[in-house]
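Counting starts at 1 for both ligands and their atoms, in listed order.
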Amino acid sequence: MNEPEVESLTLLESLKARLNQHNYNYYVLDDPAIPDVEYDRLFRQLQVIEQKDPQLITTDSPTQRVGAAPLAKFKQIKHKLPMLSLSNAFNDEDLKGFENRLLDRLKLDNNTGERVVEFVAEPKLDGVAVSLFYENGLLIYGATRGDGETGEDITQNVRTIKSIPLTLIGNNYPKVLEVRGEIFMPKAAFNALNARAIKRDEKAFVNPRNAAAGSLRQLDSKVTADRSLSMCAYSIGFTEGYELPSTHYEMLNKLSVWGLAINNEMAIVKGAEGCIQYYRSLTTRRNDLKYEIDGIVFKVNAFSQQADLGFVSRSPRWAIAYKFPAQEELTILKSVDFQVGRTGALTPVARLQPVFVGGVTVSNATLHNMDEINRLGVRIGDAVIIRRAGDVIPKIVKVVVENRPDDAGRIELPEICPVCGSAVVILVGEAVARCTGALVCPAQLKESIKHYASRKAMDIDGLGDKLIDQLVEKELVRNIADLYRLRANDLALLERMAEKSAKKLIQAIEVSKETNLAKFIFALGIREVGETTAVLLAKNFENVENILSASKDTLEDLPDVGPIMANNIYSFFSAEENQEKINELVKLGVLFTPVETNNAQTNDLGGQIFVLTGALPNMSRDEMKKLLLERGAKVSGSVSKKTTYLVAGESAGSKLLKAKGLGVEILNEEQALALMHISSPEM
Ligand code: I6G
């Protein structure tokens, strides 16, 4: 065999190092330094060199993440040190109890008299715990937790995860390093994966944790490679040839320096009170995170204190997971009703035995359409798993078929509308069944008026759902224009409507007549036309006449308007009955002012990019964001070289570290307000 040429060797090493660094920038720091095409070019260059001379290929090469032959089964790996589990707290009292136990023990053990323990707070990612073993900086194997003593060898699959370095960065890392952390599937990847599965009529995953576990359990690593998994490191297991720093916080930062992803929400907090504050603050932002978390882990920061505290059974005494209320529960499907929406769509709604899930009692869940019912294979009487994550409407995600009672009943689509008795049809190519009754159907009429009167549409103050139901049922309102013909005496016929409230409502209807074109277009309830498209139409056409006469091609030329939406808009505005309806509303006094073109009220901070982190003393981050946006600034979620300012509050974590590292100017709340010429509230 020929010896590899020295020149190609150095180029090869340089390419590998550059690709590793760019990979780290992209997948760990979320801050790419080069465009994707440039990365691809370097990658191809490396591939060409390796193909010419395959003996140059090493396991740590960025080209070798995918491609190993499928396994017959996973080997077992015995962990060098057991992988423990965490004890849990479910309320503030549990957490205070945890702190008291620590204080007692630490005082007894080292008698320092120090009464405040410092903790590191880290979100508990809802994923799969893993151990990664590095020797001389090279990834040797990855293993699942298993029973804590022995796990499965998932090295081939772990290697496909781009946020896991195949070689550690730099040269100041331990000779032997076992890193522990969580492999998880970000929410966006999970939603995309399930959408794909549903499209192909395959089974969807119940939650991102199951999706991550299922993806790691693949014997063919090509499947895993296709699943957009990520990894977050949270501790060091076994290590040799390295003196650890003195705190957990510093240790996490070391892991980050060596190329491993750590959680950028981590923060140092003091005492149980600090932990509770952090828990509350992250609870409010939980839905905005890009990944699912099921609680917060608090760990004593000082390793000396951790050593004093030790372990109880299989859990460290120095850590606790403060769990969020469960997002999944088991309950029984009692019946299914079909609700008729604004566009006539029939939506099956599951009536459930009430169950406490995701922090609220749930008795209804959407079943979307008949396809969803068939996909789930659900029947009345079934035991079902219901999931309520964040603000999302509760969903049945799985049927426990083993628990199915003998008399479980099939769910049938009604042939006629349950409200007006008109025929129900399923149009070709649509999953949705629709009532054909249009505005003779009281359900469709009620829903279109509710939409018309809603806050983001015509914003008729005081015209709530119950009132609309009565107005339609008493036939005081047979179409939207009738709203403007109502008189206070008509309203006297309604339940709980005193004279004063009746007058107030009539006045609110009058006031709502003056609106802007975007709100009016949105209020019309055209299929697929949400607020954003309504604004787009209003800005482009400026008045109703222009929209009424717009051709399909003109509509399709608008950005983000595809042929289906263009067709919906065109069909709506060219239908004679809709033109009459709009003209009638205009005659009744509905008046449009032009749409504002920009949310920013000034451009004082135009071109400046802000990132907000930590708890601000006098306002929420959302309030600060609004003030910045109003002045033309951009507010980004992550720190990069482009960031102009980081506004940091208490418990700021790794964003602060990163900003300092990049030399980004750091402001506190008062300084940020001063930049906007707003004086700070009195403290
Ligand atoms: O399961 C876990 C999730 C997150 C952990 C953990 C963690 O830290 C953020 N830390 C330890 C020490 C253990 N399990 C055992």
Participant: Numbering the atoms of ligand 1 from 1, which are under 4.0 Å from a heavy atom of Glu122?
Facilitator: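 The list of qualifying atoms is 9 (C).
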Participant: For atom 6 (C) of ligand 1, what's the nearest protein heavy-atom neighbour? Residue, atom name and distance, please.
Facilitator: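 Result for atom 6 (C) of ligand 1: Tyr234 CE1, 3.3 Å.
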Participant: Strictly by modelled atom types, are Ser131 and Glu178 linked by a side-chain donor-acceptor pair under 3.5 Å?
Facilitator: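 On atom types as modelled, these side chains qualify, holding a pair under 3.5 Å.
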Participant: Please list, in number order, the atoms of ligand 1 under 4.0 Å from a heavy atom of Leu84.
Facilitator: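 Every atom of ligand 1 under 4.0 Å from some heavy atom of Leu84: 15 (C).
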Participant: Are a donor atom and an acceptor atom from the side chains of Gln305 and His248 found within less than 3.5 Å of each other?
Facilitator: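 There is no such pair between these side chains.
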Participant: Inspect the contact between Lys78 and Glu149 and indicate whether a charged nitrogen and a carboxylate oxygen are less than 4.0 angstrom apart.
Facilitator: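 Salt bridge present between Glu149 and Lys78.
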Participant: Would you mind telling me if ligand 1 is within reach of the side chain of Lys299, the backbone, both or neither, using heavy atoms under 4.0 Å?
Facilitator: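 Looking at Lys299 and ligand 1, just side chain atoms fall under 4.0 Å.
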Participant: In terms of side-chain heavy atoms, does Gln64 have a donor or acceptor partner in Ser61 at a distance below 3.5 Å?
Facilitator: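 The answer is no; no qualifying pair exists.
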